[in-house]
Every structure is written in structure tokens, then in C-alpha cells.
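Letters A, B, ... mirror the listed sequences (proteins, then strands); counts begin at 1.
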Number of protein chains: 2
Amino acid sequence: MDASITPLRHGGLSLVQTTDFFYPLVDDPYMMGKITCANVLSDLYAMGVTDCDNMLMLLSCSNKMTDKERDVIIPIIMRGFKDAAEEAGSQVTGGQTVVNPWMTIGGVATTVCQPNEYILPDNSVVGDVLVLTKPLGTQVAVNAYQWLDQPERWNRVKLVVSEDDVRKAYQRAMFSMARLNRTAARLMHKYNAHGATDVTGFGLLGHANNLARVQKQEVGFVIHNLPVIAKMAAISKACGNLFGLLQGTSAETSGGLLIALPREQAAAFCKDIEKQEGYQSWIIGIVEKGNRTARIIDKPRVIEVPAKDRDGELW
Amino acid sequence: MDASITPLRHGGLSLVQTTDFFYPLVDDPYMMGKITCANVLSDLYAMGVTDCDNMLMLLSCSNKMTDKERDVIIPIIMRGFKDAAEEAGSQVTGGQTVVNPWMTIGGVATTVCQPNEYILPDNSVVGDVLVLTKPLGTQVAVNAYQWLDQPERWNRVKLVVSEDDVRKAYQRAMFSMARLNRTAARLMHKYNAHGATDVTGFGLLGHANNLARVQKQEVGFVIHNLPVIAKMAAISKACGNLFGLLQGTSAETSGGLLIALPREQAAAFCKDIEKQEGYQSWIIGIVEKGNRTARIIDKPRVIEVPAKDRDGELW
């Protein structure tokens, strides 16, 4: 499960709690704070929890930063984290900061729930479909953006993408990672989700397998469609399937929820979330009889998700 | 306050939560795990909370460790952490591990409480006395132990302490840091404590000042007695008041609780904790009228706390 559930001594309540920390991956400290917060909260949202009672922030500052850099950057990161927590209806009440050569950033998200406030992930049945709420390709986009300053890397991909493509994909990835999965968590209740996980470091296939493994029924997940930030599939191919983006092994940061929904509800779920947030979701696969594993078909359909610029309508 | 208190949506309950992480400071990985856990829990105990519902563990492994070292050491640290959590009647349900050049280790402690289960720290009144539940000097002991391998440092202190003194002090410090403040938290309720804090990185005076600052009444704390692990005061003096041990500025790790108690209850508190655990506590100061600060008198009485070896009766 993405978060731990601990029964409490008090009237049927449970403590739902998760922690995560990682290394910075975008160059905008405010967005980095938001992404970190969204990423921590995502584990709660994957359990269908919509309200986070409390957050803590965990920070290792790099000792390679000057005092000036630290005094400027750290408060901006903290503001991003705090703003995202407030957007989530939560609050940041504490945390801890230490020094280490490599900067790390993360947090703790905690909520106290009645049993109807969370959704166990293990109830998918044959005939369900799988919905994904954010496009794949954040790792490729972040790396490609860094390659703009590394001619030897850039030369390998410049035949398939323009610098502008990469900058737009990076923006799209950054805003996608900072987006909360909270509406998706709310709609999991409305559309009777049978279980979900969030797609992060193990990539789509890794997390799909983790979700398949815990199912009560003898089911398997088959994925047919891969929604990918525009041009990132081309970059991955040009680099010899770099990161395994089309094999589902490319790590994502603060990715979408992968949700098993009753077939007849899935389209309505996707329509509803798009109406509320202006972002597409996709039906990417099905639940069939199986041995609790997940696979991607041989030639999955790649759905190019337009990387509108920041002023584009979809933002 | 040492822990955050968040009112919950459910029937008068509050979420009490704290996080802490730091660098390893003893060479026994099992004890290091226990110390880390005791140190995190201590923030709850300082609030009079006796039961921790859930713990998470936070780890940065050093990339300078070999795979072999990592595979041996990390599980032992985790076992120490887990054993201490179980000793506290809690459990470890999750956590996160990353890699960084410097190892850090820490955790999150969370509990859900009714209002009578925690004690706000701000109710001390003139006439209260201050009790400390562990001796000072852990930082000096840990450093002196490291100096055994550094002749140029060792030469400065070998006139005042023997190698055996230092090894015993180090053992005493290690077991003291690994000891839970849980019994002290329980007895805070029994003896009507007016507030407490735990003594850690800011040293005795720093934490006494933090506690004094939040008092509702116009009080001040005056500290007359300094219980110090045997010989550590001599080392500090021999090194020109190193770390400011006798000024109350020497950092402690997983130190004791500093508790404001009604004068007539303090002796019974100390007697009770010694009866239950076999460890002394000390009345170290008084609460008088003041401007919400703390001070140590000019020539405090240094109480040498014997550093029995591991097999000694006090262990």
C-alpha cells in the first residue's frame, strides 16, 4: 500500500500516514516545493483519502550552497511546499532541516480517517478498466531539459525534437508534477474505484505490478495505451529506449493515479475530472483473469499529450 | 513546543506529531537505532504523551559505504530502531531511504490523543522546581571517546581522565541516550507537572530558555545544579570549557526531560522514577518571578553521576 494504515484506540478511527523524500529535479525552487508536497500527498490520494490533517517538511540543505544561496532558495522551496499544502486544505506544522552534500527534500503527510474515508487498493475485478490521471514522461522531460546545456547529449536528440519542444515538455512536466491528485481521490469515491496507486519511482509498469500483486481476486492488468508528454516518446526511442519509457519502467515523479474502475464508470470519471480541472485522464488498460501481474502489450498505442506552454488554455 | 498539536475533525481528538533526524554518533549500529528512536519519541514524552501510535523511519545511507557494509549495518540500525519502538509500545510501519554522502538517521512519531493525554508546557508557576531526568555530558563523552584515537586531542585531557574513565562515560552516555523518557512522561501526569521539554541540540540552557519563553505566568528559571556524567566536567574544563558544558550550552542527544513540578511533588517524582527504572533524577533549579528566561547561577554545583560499566548494578 502507498500509505500505512494504523487502527487507533479511538472509536474506529485509523491513522493514515506516508513519508517520502528525494532529490531536487527542477530549477525553480518554488515549483520544487510544490512538487515535493504534491508527491508526498499523492500516497494518501492513492488510498482515496481526500483530506490531509497535517504535514511535516524534511530538508537536507547542501553544504555546497553559499549562505546567500541558502537564505534565498530554502525559504522559496518552503513557500512552494506550504502553498501546495494549503491548496490541499492541509497545513505544515513542523519539520526538520540538516546539512548534507546532496540536497534532499520531502515530507510527511498524516490524516485520521473513518473507514469510509479511505479505499483499500485490493478490490479490482475482471472487467474493470485502468485509468491514468497524468501523462508519463516526466523523467525524460527533466533530463532532456538538462541536455540543452550538454552538447554531446543534445546532439543525440536534436534530430527528433527542437529546443522549443523540450522547453515546453519540461514546463508541462513541472506543472504536471506540481498538480495535486486530490480531485482524482475525490472522484474515486464518486465512481466506486476498486483500488489505486500513484505512479512514481518504479514507473508505470512497476507500480501496476505492485497494485496487481495485492489484489484479492485472481486478476491481471493489461495496459494498451501510453499517454506520454509530446515528443518524449521520440526522445526515448532516439536514445535506444532510454529509461524504458515505452516499456513502462521510466521513473516518474509525482505521477498520476492509476485507478481500477468499473468499466461503465471510467468514461464518466475521465469526463468529470477534465470538467473540474481541465486535464485529460486516459483509459489505458483492462483487468482480466490473471496471476496478479501487470504487462504492457507488445505495441502499445502512444498517445501524444500536447505540451502546451504556460499560457496555453490547458494550463 | 516539542511536538505539533493539530485538532482533528473527530470528537475532540488531536494529532500530536514530531520528526527529527541527525547524524550517527556512536559506533554500535544497534544502539544507534535505539538512540534515534528514543530521541524522536522524546518530543512526544516532553508533552506528557505516553503512547505513540505510529512511527516512520527516515534514513540517508552514505554512498561511501560498500554494499557489504550497507547490507550489514543498515538492518542492525533498523532493528535497534524497531526494538526501541516496541519497547515504547509503538510500531514502525514505514519510512524512506535515500543515499547521500553523509549518513543521517531519524524518524517520525505520531499519536492521536484526547486532551487529557498531553500536558501543555506553559503552566509553571513561581515556587515550582525544575527536575532533570538524565545527566548532561553526552556530547563530551562521545567526543572524548573519539579522541582516544587522536593523540593530539587525547594529550590535552589525559592528565584529568583515564582511558577507562572515558570508555565508561561513553557507555553510560550511549545507554542514557537509548533510554526512553516514557516513565518520566507517565509520572508527569501522576505528579501534576506544569510543563516540560526535552534537552537536545540547544543544550540545557537553550531548552530551558525555550521552555521559559512560552510560560503564561511571568516566571524565570534559575538552575543551581548540573548533574554531569562522571569526569566530563573535568574534560570540559581541561579543554577551556569545551562545548560550554558548565554553561549549559553543550548539545545533548536524546537527553532527559526538564520538567517544572510543584515543589511538594518533585522529590516524590524523583523517588518514583528511580524506583521504577533504577535511574536517578535531580532537582536542578527553581521557578521564580521573572521575564520568561532561564539562567544558570555563577557557580553551579556539579553533581558527578557515576558512569557504571555495562555490567554495573545501575544498568
Test side chain to side chain donor-acceptor pair (under 3.5 Å) on A/Q17 and B/T93; report intermediate values, then the result. CA-CA 9 Å; A/Q17 192 162 40; B/T93 63; 5.3 Å; no
For A/E69, give me all partners under side chain to side chain contact (heavy atoms under 4.5 Å, CB included), at least two apart in sequence or on another chain. A/M65, A/T66, A/I73
Who passes side chain to side chain contact (heavy atoms under 4.5 Å, CB included) against B/R70, sequence neighbours left out?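 Checked B/R70 against side chain to side chain contact (heavy atoms under 4.5 Å, CB included); matches are B/C61, B/I74, B/V99.
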Which heavy atom of A/N100 sits nearest to which heavy atom of B/Y23, and what is that distance? N-OH, 4.5 Å
Using a cut-off of under 4.5 Å for heavy-atom pairs, which of [options] has the most such pairs with chain A?
options: B/V112, B/L15, B/L13; result: B/V112
options: B/L8, B/T97, B/T111, B/I5; result: B/L8
options: B/N63, B/T104, B/L58, B/T18; result: B/L58

So for B/V108, is it side chain, backbone, both, or neither that comes closer than 4.5 Å to the heavy atoms of chain A? side chain
Pairs involving residues 98-109 of chain B, ordered by first then second residue, that meet salt bridge (charged side-chain N to carboxylate O under 4.0 Å, His left out) (sequence neighbours left out): none
Sorted by number, residues from residues 38-57 of chain B in contact with chain A (heavy atoms, under 4.5 Å): B/D51, B/D53, B/N54, B/L56
Just verifying a value: how many Å separate A/R9 CZ and B/E117 CD, rounded to the nearest 0.5 Å? 4.5 Å
Is it the case that the side chain of A/Q96 and the backbone of B/F21 share a donor-acceptor pair, with hydrogens and angles ignored and the cut-off at 3.5 Å?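 Side chain of A/Q96 to backbone of B/F21: a pair is present.
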For A/F243, is the CZ atom crowded, meaning more than 12 foreign heavy atoms sit under 6.0 Å from it? yes
In terms of heavy-atom proximity below 4.5 Å to chain B, should A/Q91 be classed as side chain, backbone, both, or neither? side chain
